[in-house]
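As structure tokens, the structure follows; a few thoughts come after it.
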Amino acid sequence: MKMKNCFHCGEKVEDSRIILYDEKNFCCQGCKTVYEIFSAHDLDCYYEFEQHPGATPKDIESKFNFLDNQDIVSKLLDFEEADTSIVRLYIPHVHCSSCIWILEHLNQLDKGVVSSQVNFSQKKVTITFNNQQTTLKQIVHLLAKIGYEPYISLDNYEQKPQLIDRSLLYKIGIAFFGFGNIMLLSIPEYFNVDDYWMREYRDFFRYAILLISLPVFLYSATPYYKSAWNSIKTKSFNIDVPMALGIIVMFVRSLVDIFIQDGQGYLDSMCGLVFFMLSGKLIQQTTFNFLSFERDYKSYFPIAVTKLEGKKEIPTQVYDIKEKDKILIRNRELIPVDAVLLSEKAHIDYSFVTGEAIPVEKKSGDKIFAGGKQVGQPVQIQAVNTVSQSYLTQLWSNDVFQKNVSQKYKTISDKASQIFTPALLFLAIIGFVVWSFSSIADAFNVFTAVLIVACPCAIALTAPYTWGNVIRIMGRKKMYLKNTVVIEQLAKADTLVFDKTGTITSNDNKNVVYKGDRLTKQQIAVIKNLVRGSNHPLSRRLYLNLPESDIFTPDFFEEITGKGIIGQIGNDTYKIGSASLVNAPVKAKNNQTCVFISINDEYRGYYEIENHYREGLTALFFNLDARGYDLYVVSGDNEGERRQLERILPEKTTLVFNQKPEDKLNFIKKLQSQGKNVLMVGDGLNDAGALAQSNVGVSVAEDVNVFTPASDAILDAEKFDRINYFLDYAKKAMKTIRMSYILALTYNVVGLTFALTNKMSPLFAAIIMPLSTVTIIGFVTLMTHYFSREKSKKKLRKISEYDKYHVFGKRSKVSLSKVFRS
């Protein structure tokens, strides 16, 4: 009986059962329907990525009827506000680039779908849709019809699916079986054993070796064939091209050797190569999944929300929030968990989730979704579930907040593959041409030997192993990176710009003194309740310093970025903030910042707040100065602290005052126009624009839930004085990659020398190839951990007394610079 393959799913069916449509064969009406859907929406190029990527569609008309129940749908949705809904669905059949392509083009199949993003490693697709134009049930039906039926379980929907691809484990197992047995059977060939047994059964063993190698060649190595083929089709030659070519050449060369009885070939090397490469892929995937777990539950956001217990306000880590906990949300503070509003009303900005910046008004008892920001006076909410860190990290990684530089950025491994692949092919061809004048057989030997021994497996493993280790180690030390590109950008930074308030100053609540007209207890209580709603470091300092009072809700609350707070209680209007906001005549004194007060446009006085600089600030700046970084401090305050900062910071540090948020952004642009790679360190409040504009934006997180999606990294405030360490470590990570590339190229040079001179034996190839891979893995692991060690703090102790008492004259500065340059 003649069999044919289905054009959509690839299933073999009898010729009599084939459905012919558009000159193509389909096994069933479902596959034909899928093809019709794609063709009708100009998506038939889907089949150009990979043959038969989807699953066979099934009859699901009644399977998802439970999605007609709105209560069930609400439990599945991550977000639902007005006409916008967001859902994350687990799609088991996602396995290749064509799967990603079609799932991210769902908006062309259903006009109600706004956007869809695939998380390939977790096999999840996040779909944003207009619930007035389509429903979750319609979307699920559509996914099932095109072969991507989602897995939905109401009992364990929140459980994490198994992220390791089981087929990868099977491929590794088969490759290891082939590698081990072929090496064992090849021992007599390696040592040229010549006895009766070997002479009699040599051919039998060679054919046995060939038989054992077939599953490795035809099954285990398929990921590299597919990747190389897709790379060739798109004309972007990645590192898998020479790897796939090397595997194929090794197999073909071995076939020739065996059938002309010139040896057993390189099947041991081929199986070893596939085994080590797949093992590297498994370790990389395991490392990524481990990192994903750490990001989800070890707090990618090392910050806290304010938990309410009676009248007490307790800073609590976001991942410690439990169901029914009461939380205080201040102005511009992220709502970290789905909750019910307890306050009378709130205005929620969901721009992080939907891109829509117009606040939505909510009333007491309404549900509020995680990811929104409260705009205005503080509100109380009650958590209805635990915090989903994976959802918050998804917001951080939203394409809306990605920098243009990242989208165009070529990583070091991309550059290496672009150079290595054509160079390797060029060498192989040159070797073939030169040796062809002597002998075609020798020319073929040289050509294949070059591709075999120079296969860039070690180079391909270098970057993933290094990045995986670096991100994990930095996370342990409380520097949390958005992605691996940030490591390379950190290493390139040559200019550091620091915000002042809340960044180089700490939120110590001591030494706050009021000067001016006397305020009544009621007025002080109003001021305390107004600053209670703000996350600005000065507001937090003032709030913690003012005496306890009853909590009440202002009739009006507005916080103007870079200026201060305007609030109203009854008929009285309060202004709290900068001198320009309240038209104050007083200027701040040295080492002091003032928060000015006016009531009903009548200036009353100011709170004088002595700034406490973070411990280790001076040591950090002198260290950075000694390493050649250009240093800047920008501040929205006046120049009252200039003299103090000049005393404790290196002479080359540039101080810039009276900077509004837009001024900070323009300042960063100006530096970049001069060719500088700028790292901006801010508190994420008034610095969002500057953080987004900088080459690398680092948000310093203390005890407030300020979420800045524009930042590339979040640094725990406790580790502020270790910024120089993280910069050095990023540079050393790049150094590790370069060193490992040199090591890998050394192997290649040695191997190529033997290959090009036609002196490479199978034993040599069998030893040098796996040895190079194991060496690179061990070297990268060792060096990333070695470089992560923090050096002795002896130098820091030398200047601790200077830092403590702020006694820096010119002589002291010179000696400090020598300390750090020594």
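In this text, all values refer to a predicted model and were calculated from it rather than measured experimentally.
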If I take atom CD from residue Glu313 and atom CD1 from residue Ile551, how far apart are they, to the nearest 0.5 angstrom? 5.5 Å

Parallel, tilted or perpendicular: ring planes of Tyr514 versus Tyr607, cut at 30 and 60 degrees: tilted

With a 4.5 Å cut-off on side-chain heavy atoms, are Val340 and Ile368 touching? no

Salt-bridge test for Asp630 and Lys676: reply yes if a basic N is under 4.0 Å from a carboxylate O, no otherwise. yes

Answer yes or no: are there more than 12 heavy-atom neighbours, outside Glu548 itself, under 6.0 Å from its atom CD? no

Gln374 and Arg330, any side-chain heavy atoms less than 4.5 Å apart: no

All side-chain contact (heavy atoms from CB on, under 4.5 Å) counterparts of Asp517, not counting sequence neighbours: Arg604

Show, in sequence, the C-alpha distance, side-chain angles and deciding distance for Lys363 and Glu344, and conclude whether the salt bridge (charged side-chain N to carboxylate O under 4.0 Å, His left out) test is met. CA-CA 6 Å; Lys363 295 183 179 179; Glu344 183 179 346; over 6 Å; no

Are any of the side-chain heavy atoms of Leu679 and Val681 separated by less than 4.5 Å? yes

Tell me which donor-acceptor pairs under 3.5 Å the side chains of residues 565-580 have, and how far apart each pair is, sequence neighbours excluded?
unit_1: Gln568; atom_1: NE2; unit_2: Gly570; atom_2: O; d: 3.0
unit_1: Asp572; atom_1: OD1; unit_2: Asn600; atom_2: ND2; d: 3.1
unit_1: Lys575; atom_1: NZ; unit_2: Asp601; atom_2: OD1; d: 3.2
unit_1: Ser578; atom_1: OG; unit_2: Lys563; atom_2: O; d: 3.4
unit_1: Ser578; atom_1: OG; unit_2: Ser580; atom_2: OG; d: 3.1
unit_1: Ser578; atom_1: OG; unit_2: Leu581; atom_2: N; d: 3.4

Could you check whether any side-chain heavy atom of Phe621 comes within less than 4.5 Å of a side-chain heavy atom of Leu617, counting everything from C-beta outward? yes

Distance-only donor-acceptor check, side chains Gln672 and Gln693, under 3.5 Å: yes

For the side chain of Ser343 and the backbone of Lys345, is there at least one donor-acceptor N/O pair under 3.5 Å apart? no

Once you round to the nearest 0.5 Å, how far does CE of Met680 lie from CG of Leu496? 10.5 Å

Side chain to side chain, Ile327 and Thr306, heavy atoms closer than 4.5 Å: no

Sequence neighbours left out, what passes salt bridge (charged side-chain N to carboxylate O under 4.0 Å, His left out) with Lys477? Give chain and number order. Glu790

Taking the side chain as C-beta and beyond, is there a heavy-atom pair between Glu646 and Leu655 under 4.5 Å? yes

For the side chain of Asn695 and the backbone of Val678, is there at least one donor-acceptor N/O pair under 3.5 Å apart? yes

In terms of relative ring orientation, are Phe667 and Tyr632 parallel, tilted or perpendicular, with 30° and 60° separating the classes? perpendicular

Distance-only side-chain donor-acceptor flag, Asn331 / Ser534, under 3.5 Å: no

More than 12 foreign heavy atoms under 6.0 Å from NZ of Lys326: is that the case here? no

Test your reading of the model: is there a side-chain donor-acceptor pair from Asn529 to the backbone of Val526, 3.5 Å cut-off? no

